[in-house]
Amino acid sequence: GAGVSQTPSNKVTEKGKYVELRCDPISGHTALYWYRQSLGQGPEFLIYFQGTGAADDSGLPNDRFFAVRPEGSVSTLKIQRTERGDSAVYLCASSLGPSSGELFFGEGSRLTVL
Amino acid sequence: QKEVEQNSGPLSVPEGAIASLNCTYSDRGSQSFFWYRQYSGKSPELIMFIYSNGDKEDGRFTAQLNKASQYVSLLIRDSQPSDSATYLCAVNPNSGGYQKVTFGTGTKLQVIP
C-alpha cells in the first residue's frame, strides 16, 4: 500500500481481555516501530524491529505486551489481560532501514479498555 | 530528567508572525534531531531533520541546532492558521547503530487569524 496501514482504527475492550493490533508497513521498509501515545503526551517508544527480529524491546511496559513480525513485513502487537491504563493510541511507524531517520506513521489504533 | 523536553504550550502567535519552538535533550551524544507536526487526531509527520550544528532552512521552516547547549529549535516564518498543530521534537541517541527515536511531549501552536 501507499502508506502504513493499521487495524483496527478503534478497539473497545473490557478489562482483562486479550487484544491484537496489526500494522502493515510501507513496502520495502525494513524497520518497524511501535509507539504508544496518551492524550497530551508525545509518542512513547515500545519496540523496534529490523527485519523479523525485535532489535529493541526496551520500551514494552511489562510482560503483558508482546509483538511479532514473523515474515519481516506485517507486525502484530499483542496485549494480554488488558488494564484501563493501557488505553491509548498505538502508533506504528516504518522507515527504510536502521540508518534512516524519517519515520512514516500509520493513523494509529485507538484502544479503550473499560 | 526527561530525555527530550519541550514546553507544552499553547504557544499563540498572530498570523504572519514568527513562531519559535524550543527543545532540549539530555543525551549529549545524540546525533540526529527531528521535528514532527501532529494535527489533532492525526499521526505525526516529519517536517524537518537536522544533524549538524547551525541552521537548516526549508521554505518557511528553519531548524536550529546547538549541540554544546543540547538545544534544538524550530522557527516558522509567516505563520499561517494551517500551521496550528502540535510540534514534536524527536532525538536519536544513536545507540546500537539504529534509530531509536525518542519524542518530547510536544508544543501546541495556535496561529490566530
Side-chain angles (χ1 to χ4, degrees), chain A residues 2-7 9-10 21 23-26 29-60 69 88-110 112, chain B residues 2-10 21-27 30-52 56 58 63 65 72 74 85-109:
Chain A
V4 178
S5 176
Q6 290 189 247
T7 55
S9 55
N10 275 288
L21 307 175
C23 173
D24 194 349
I26 293 172
H29 281 194
T30 61
L32 185 145
Y33 305 76
W34 284 99
Y35 286 82
R36 177 171 70 175
Q37 188 172 28
S38 300
L39 193 63
Q41 301 296 313
E44 172 193 14
F45 172 80
L46 296 178
I47 188 169
Y48 160 77
F49 288 90
Q50 177 55 39
T52 60
D56 185 347
D57 63 358
S58 62
L60 295 178
R69 193 186 186 198
V89 176
Y90 289 80
L91 294 167
C92 176
S94 69
S95 70
L96 279 171
S99 61
S100 171
E102 182 171 10
L103 302 186
F104 293 84
F105 284 88
E107 290 301 316
S109 292
R110 180 177 297 278
T112 302
Chain B
K2 291 184 179 178
E3 294 180 63
V4 182
E5 297 212 39
Q6 297 180 255
N7 187 320
S8 61
L21 304 159
N22 305 313
C23 170
T24 58
Y25 58 94
S26 61
D27 186 340
S30 297
Q31 298 295 320
S32 313
F33 308 87
F34 309 90
W35 284 99
Y36 283 78
R37 178 176 61 200
Q38 187 172 27
Y39 291 113
S40 181
K42 298 296 185 181
S43 56
E45 58 176 332
L46 181 70
I47 54 171
M48 289 286 290
F49 62 87
I50 186 166
Y51 300 148
S52 303
K56 180 181 178 182
D58 183 2
L65 174 61
V72 58
L74 179 70
T86 295
Y87 288 80
L88 298 162
C89 175
V91 175
N92 169 31
N94 224 29
S95 61
Y98 78 95
Q99 302 270 343
K100 178 182 176 179
V101 182
T102 302
F103 288 83
T105 57
T107 298
K108 186 173 184 178
L109 173 66

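The sequence lines fix the lettering, A, B, ..., with proteins before strands; numbering per chain opens at 1.
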To the nearest 0.5 Å, what is the distance between CG (B:Leu46) and CZ (A:Phe104)? 7.5 Å

Looking only at atom types and distance, does a side-chain atom of B:Ser43 sit under 3.5 Å from a main-chain N or O of A:Gly106, one as donor and one as acceptor? yes

Any side-chain heavy atom of B:Phe34 within less than 4.5 Å of one from A:Leu103? no

Counting C-beta onward and ignoring hydrogens, is there a side-chain heavy-atom pair between A:Leu91 and B:Pro44 closer than 4.5 Å? yes

So which part of A:Gln37 gets closer than 4.5 Å to some heavy atom of chain B, the side chain, the backbone, both or neither? side chain

Between the CD atom in A:Gln41 and the OG atom in B:Ser8, the distance rounded to the nearest 0.5 Å is 9.0 Å

Exercise: identify the closest heavy-atom pair between B:Leu88 and A:Gly42: CD2-CA, 4.0 Å

Please report whether the ring centroid of B:Phe103 lies less than 6.0 Å from that of A:Tyr35. yes

Greatest number of heavy atom pairs closer than 4.5 Å to chain A - which of B:Glu45, B:Lys42, B:Gln38: B:Gln38

